[in-house]
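Below you'll find the structure, written out as structure tokens, and then a few comments.
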Amino acid sequence: MSSPGDGSGHAERFTLLRPLLFTIAYEILGSATEADDVLQDSYLRWAEVDLGGVRDTKSYLARLVTRQALNSLRAQVRRREEYVGPWLPEPLLLDDHDASADVVLAESVSMAMLVLLETLSPDERAVFVLREVFGFDYGEIADAVGKPASTVRQVAHRARAHVQARRKRFDSADPGDPDRHARITRQFLSTAASGDVEALLEMLAPDAAWVADGGGKVTASRKPIVGARKVAGAVVGLLRKARGELQVEAVTCNSAPAVVLYLDGQLQGVITVEIVDDKITNFYAMRNPEKLVALGNPRRISRG
């Protein structure tokens, strides 16, 4: 039997489950940087646990990380309410592990879903994530959020109904072909560079939207731009205003096609694209430099 604080087995168990634990924290917080902080704090607490009393490591660590993530999220509510302009989640650059093969996982970390989860209360968000994405039972979730199981069931029902009412593709069995979506994204950027607004309109959904997060630190639209023609004009105008040499790198962020923009070699932002039925429906443009720090660190996500 290992004693508290001797570290025997702690690191091995935690490392094995780290992709899962990171994913839980990221989906609750919408921030890779803050998720890293939660995992660091959680590990320090985990290192003091007597492993002889832990029957289910996965459940134990998931509860521990959820508690820490919830504490962090509750502390940030006021700060997010006072945020300058739209608040978007930190873009998540994935490693070579293809998360798109898991439809539930891919959608759960999509920008569209994370933005939707921002409309839930902290408790609703944690319960929804643990139940709908990771499949934990109500008893486990009750321990994690510090509420009776009966209350958790009610919270889960309320959160599920809220998400279903606002989620365009809740029951979609076809998330789309990632390669085709990447080609559509590249074609859009090429067409935008040419300045052909009419051609861009053919690639956009009628209610396409552009949402940019500058956090008041860099220039960015403080209100969403909605409507295909307005979005097309905004993108063309953005490219025309770029002074210097603009470089574009195609990547995958949040299990969706994205582009990283550099101006004269300096990182300017990342734009994640949402595509439904081969039409671009949303652009999520992250320009806040504080939320781009973790972009150079690819992550592995997991549900198991």
Side-chain angles (χ1 to χ4, degrees), residues 30 83-94 100 106-107 109-119 166-169 175-176 178 180-215 217-242 246-263 267-289 291-292 295:
Y83 196 77
V84 178
W87 190 98
L88 288 176
E90 273 189 25
L92 188 66
L93 185 65
L94 301 181
S100 65
E107 188 180 21
V109 297
S110 69
M111 276 289 169
M113 175 56 74
L114 292 171
V115 168
L116 195 163
L117 291 180
E118 284 295 313
T119 63
R166 292 162 177 78
R167 190 167 158 200
K168 293 180 180 179
R169 295 182 296 140
R180 187 172 73 251
H181 286 183
R183 288 195 299 271
I184 291 171
T185 302
R186 290 194 298 269
Q187 181 184 351
F188 182 89
L189 289 172
S190 176
T191 304
S194 73
D196 189 343
V197 173
E198 296 302 320
L200 290 180
L201 293 177
E202 295 296 319
M203 306 176 67
L204 294 170
D207 59 349
W210 171 281
V211 182
D213 181 341
K217 303 179 185 302
V218 295
T219 302
S221 174
R222 294 192 179 184
K223 293 184 178 180
I225 299 171
V226 181
R229 187 167 292 278
K230 290 182 179 179
V231 169
V235 174
V236 170
L238 178 66
L239 294 179
R240 285 176 177 169
K241 289 179 182 178
L246 184 67
Q247 300 94 31
V248 178
E249 177 187 358
V251 298
T252 297
C253 278
N254 299 83
S255 295
V259 291
V260 181
L261 303 177
Y262 299 90
L263 189 62
L267 176 63
Q268 298 297 306
V270 58
I271 303 171
T272 306
V273 181
E274 183 184 14
I275 299 172
V276 178
D277 296 331
D278 289 344
K279 296 287 187 179
I280 299 176
T281 59
N282 287 282
F283 296 90
Y284 301 101
M286 177 55 67
R287 296 215 59 224
N288 185 340
K291 295 186 180 183
L292 295 171
L295 192 64

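Checked by atom type and distance alone, the side chain of Lys223 never pairs as donor or acceptor with a backbone atom of Val211 at under 3.5 Å. Asn254 contributes no side-chain N or O that, together with a main-chain N or O of Pro91, makes up a donor-acceptor pair within less than 3.5 Å. No donor-acceptor distance shorter than 3.5 angstrom exists from the side chain of Lys291 to the backbone of Asp213, with no hydrogens or angles considered. In terms of modelled atom types and a separation under 3.5 Å, the side chain of Ser255 and the main chain of Ser110 share no donor-acceptor contact.
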Show your working on side-chain contact (heavy atoms from CB on, under 4.5 Å) between Met286 and Glu90 and close with a plain yes or no. CA-CA 8 Å; Met286 177 55 67; Glu90 273 189 25; 5.9 Å; no
Please test Val218 against Asn288 for side-chain contact (heavy atoms from CB on, under 4.5 Å), starting from the C-alpha separation and ending with a verdict. CA-CA 7 Å; Val218 295; Asn288 185 340; 5.7 Å; no
Any chance you could lay out the side-chain contact (heavy atoms from CB on, under 4.5 Å) test for Val273 and His181, step after step, and finish with the verdict? CA-CA 9 Å; Val273 181; His181 286 183; over 6 Å; no
Might you work through the side-chain contact (heavy atoms from CB on, under 4.5 Å) test for Thr219 and Arg287, ending with a clear yes or no? CA-CA 8 Å; Thr219 302; Arg287 296 215 59 224; 4.2 Å; yes
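Of all non-hydrogen atoms in Ala234 and Ile225, the two that sit nearest each other are CB-CD1, 3.8 Å. Nearest heavy-atom pair across Ala192 and Val236 is O-CG2, 4.0 Å. Nearest heavy atoms, Ala285 versus Ile271: CB-CG1, 4.1 Å. Nearest heavy-atom pair, Leu295 versus Cys253, reported as atom, atom and distance to 0.1 Å: CD1-SG, 4.1 Å. Closest approach of Val259 and Val251 over heavy atoms only: N-CG2, 4.5 Å. Residues Ala199 and Thr191 share a closest heavy-atom pair of CB-CG2, 3.6 Å.
The ring-ring contact (aromatic ring centres under 6.0 Å, His included) check on Tyr284 picks up nothing, with sequence neighbours excluded.
Within the structure, every pair that satisfies the ring-ring contact (aromatic ring centres under 6.0 Å, His included) test and touches residues 184-207, not counting sequence neighbours, is listed here: Phe188-Phe283.
From Asp207, atom CG reaches atom NZ of Lys279 across 12.0 Å, with rounding to the nearest 0.5 Å. Here Ile275 contributes atom CD1 and Met203 contributes atom CE; the two are 8.0 Å apart, rounded to the nearest 0.5 Å. Rounded to the nearest 0.5 angstrom, Thr185 OG1 and Ile280 CD1 are separated by 5.5 Å. In this structure, Glu274 CD and Thr281 OG1 are separated by 3.5 Å, a value rounded to the nearest 0.5 Å. Here the CG atom belonging to Leu263 is positioned 5.0 Å from the CD atom belonging to Gln268, to the nearest 0.5 angstrom. Here the straight-line distance linking atom CG of Leu114 with atom OG1 of Thr272 works out to 10.0 Å at 0.5 Å rounding.
Between Val248 and Leu261 the shortest side-chain heavy-atom distance falls below 4.5 Å. In this structure the side chain of Pro86 never reaches within 4.5 angstrom of the side chain of Val115, judged on heavy atoms.
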